[in-house]
Amino acid sequence: MKIASLELRHLKLPLVRFFETSFSRVYDQETLLVILKTRDGQTAYGEAPASAAPYYSAETVETCWYVIKNFLAPFLQKRLIDTGDQISDFKLLTSGFSRVRGHQMAKAAIEMALNDLQAQLKNCSLAKLYGGQKKTISAGISLGIDISLTRLIRQIDNAVKQKYQRIKIKIKPGWDIITVKEIRTIFPDITLSVDANAAYSLKDLKLFQELDRYKLLMIEQPFGHDDLLEHSQLQKKIKTPVCLDESISNFHAAEQALALKSCRIINIKPARVGGPFEAKKIHDLCLKKKIPVWCGGMLETGIGRLHNIALASLPNFKLPNDISASERYYKEDIIKPPVTLEKNGQIKVPTQPGLGAAVNMDLVEKYTVKKETLGL
Ligand code: OSB
Ligand code: MG
């Protein structure tokens, strides 16, 4: 097996509907694909769903591009040369990456592609490569801030009818307590959670104590994107579980969050934590500490989503995931078949070797804004 090249593709896909969080509204998803090709004609895919602006985290599609091209791809190339391409331990190929500080999404995209390749070589699914047992995973939906409450209610109604297993709404100052109260009046029994994307601070304690009344499954990332301390103070003062997303940037952060009791639930995104290996380490730690986890999303294309589905087949992914059907994000997803929702709100975990679906290169080409192939 000889890896011959690494292709970078910056994609821009129109969303079926704009997506608004406390930090921005986007109409398109910008994302970076990493495509590995071997001499014998295998192709493997990874995705860095870093978006155009550094508002969720410090990374953007362009920082991922820069770091992969100038640092990560050369490290990978050196490892391939050092080992004479006789690599069976794929973890060794990325072991040089830790020298690069941060840039988790850039690292994750390469690791995902290497895992896809390894699964293909072993003739097993990605889920099996990770040791995942689930045949289906539970699908939740994340609904953005809307132009009116009426519109959001309509979106929720739609999602409930489709059997999404958990509805998450985005909140920000001015779109929080009244919104939740109204939703609870109309849908008293749905599994509901809120995600603030770091829009508040401990000064808003009263608001979160008030939210305690509405039987929320969790409150996701209410405070600072890198905070652990204020979250731990909040968790002591409210009954609703706090879930951390942005703050859990790697395994070490997860260890600290659990030691500080900053949250009772963790959202794991393989892209955010530096790749599926790190994600699995966090999963295993949480399993040991009896902290349930679920897989978050970044509006990934089908490629990133299939990687997330494989990870979410691990046993401690006990809560519904932010993994929805392709049609919820894109009119044309770049994989075929697209990800679809079963009648019971589950998504099937693919069993075919590798990613589990084909990539539609015509559509990839259609949405590519920039591409470059690096020799390895
Ligand atoms: O905080 O979970 C988040 C999308 C972009 C950036 C951050 C987040 C999200 C989502 C969407 O909530 C989840 C999905 O992909 O369905
Ligand atoms: Mg979140």
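Atoms within a ligand are numbered from 1 in the order they appear, just like the ligands themselves.
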For atom 15 (O) of ligand 1, grab the closest protein heavy atom and report residue, atom and distance to one decimal in Å. L299 N, 2.8 Å
Donor-acceptor pair, side chain of Q29 and main chain of T301, under 3.5 angstrom: no
Assess E246: does it contribute an N, O or S atom lying under 2.8 Å from the Mg ion (ligand 2)? no
Say whether Y329, considering both its backbone and side-chain N or O atoms, lies within less than 3.5 Å of an N or O atom on ligand 1. yes
Could you tell me if the side chain of I282 sits less than 4.5 Å from the side chain of I248, heavy atoms only? yes
Can you pull out the closest protein heavy atom to atom 9 (C) of ligand 1? Residue, atom name and distance to 0.1 Å, please. G297 O, 3.5 Å
Considering only NZ, NE, NH1 and NH2 on the basic side and carboxylate oxygens on the acidic side, decide whether D284 and K280 come within less than 4.0 Å. yes
Near E220 (heavy-atom distance under 4.0 Å), the atoms of ligand 1 are 2 (O)
Do the side-chain N and O atoms of E332 and Y367 include a donor-acceptor pair separated by under 3.5 angstrom? yes
Please determine if K168 has a nitrogen or oxygen closer than 3.5 Å to a nitrogen or oxygen of ligand 1. yes
Provide the number and element of each atom of ligand 1 under 4.0 Å from a heavy atom of D195. 1 (O), 2 (O), 3 (C)
The Mg ion (ligand 2) to nearest N/O/S of D245 below 2.8 Å: yes
Which protein heavy atom lies closest to atom 6 (C) of ligand 1, and at what distance to 0.1 Å? M298 SD, 3.7 Å
Note: ligand 1 atoms sitting under 4.0 Å from heavy atoms of N197 are 1 (O), 3 (C)
Under 3.5 Å: N/O of N267 near N/O of ligand 1: no
Taking atom types as modelled and ignoring hydrogens, do the side chains of E47 and T31 form a donor-acceptor contact shorter than 3.5 angstrom? yes
In E220, the N/O/S atom nearest the Mg ion (ligand 2) carries the name OE2
Using only N, O or S atoms, tell me which atom of D195 is closest to the Mg ion (ligand 2). OD2
With the threshold set at 4.0 Å, does a side-chain nitrogen-carboxylate oxygen contact exist between K370 and E372? no
